[in-house]
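Note that ligands are numbered from 1 as they come in the structure, with each ligand's atoms numbered from 1 the same way.
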Amino acid sequence: MVDDPNLLVGLERADDAGVYKLSDELAIIQTIDFITPIVDDPYTFGQIAAANALSDVYAMGGRPLTAMNVVCFPIKSQDLSVLTEILRGGWDKLWEAGATLVGGHSIDDDELKYGLSVTGVIHPLKIITKDGAEVGDKLLLTKPVGTGLVSTALKGGVAGEESLEQVSSSMTALNKVASELMLEAGAHACTDITGFGLLGHASGMVEDSRLGMEIRVSSIPIFPEVKEFANMGLVPGGTQRNREYRSDMIEMTSEISDEMLNILFDPQTSGGLLIAVPGKEAEALLQNLHRHGINEAAIIGEILAEPQGRIIVRE
Ligand code: CO
Ligand code: CO
Ligand code: CO
């Protein structure tokens, strides 16, 4: 492989997206994400898939510019109007993001999937990666967790209309404003919470570093009913894999139930940003997020000097 000095963030440091420098003032951010339907309504699903795909650009502190649709559609078994609605949902989110759809690609596939490849821009010296946190930083989470448990409960016919509405409005919400506010606040590090779950992505912030992390479970925003669903064992397939993958990085100082661990490792779709911000800026950023309607945002922990490369989880 050729070492390209313009590749600022690439495979080696696998962050939320790749970043490539074009000039001293400009770098492009590239990312792609596509998912299988997580809700029944096609328009809502399109919005969620687009918000989810755009999120990696926001996690880096970038501004999305252009996007291309990625579509796998069962052309023989599903009505084309479903696809029209999905694409309309994606289009509306791109419009809200201020990004332009420039094309796309679709194939016939037994299982429906939709997402986008997104290109964004950023100043090469202002990239927010997941590994830039410093001792004394506070950790802010901008959306509640539990979308995987709720969608499993929906498929099982257990979740009610209210749960569906709450997770849908959260998953369709862009991380745009949160990203802009974290930049204003001088955030040191950020990642968005998706498939690896809250603790999985949090682990990525301290992995192989001289930093430790503490997370307080009682401060974490969780969607209503999620604890019930976890108690009922409505755990999505990816949770156990997430737990096993990061188990050696987690230290529990108090009684954390197995059900709670399933929530903390619940795979998220279009989850919030996990932001490391200087301690003295944390409260102001939190208030600012709330003032901009990001009401569930909370300070859930902090960056410590110990234990290096590990996370302390306490009640
Ligand atoms: Co990401
Ligand atoms: Co991603
Ligand atoms: Co990042």
Q) Between N175 and S55, does any side-chain donor sit less than 3.5 Å from a side-chain acceptor? A) yes
Q) With the Co ion (ligand 1) as the point of reference, which N/O/S atom of D16 is the closest? A) OD1
Q. Using 4.0 Å as the upper bound for N to carboxylate O, is an ion pair formed by E207 and R246?
A. yes
Q. If you look at D56, which of its N/O/S atoms is nearest to the Co ion (ligand 1)?
A. OD1
Q: Inspect the contact between R243 and D258 and indicate whether a charged nitrogen and a carboxylate oxygen are less than 4.0 angstrom apart.
A: yes
**Q.** Name, closest N/O/S atom of D192 to the Co ion (ligand 1)
**A.** OD1
**Q.** T194 and Q268 side chains, donor-acceptor separation under 3.5 Å
**A.** no
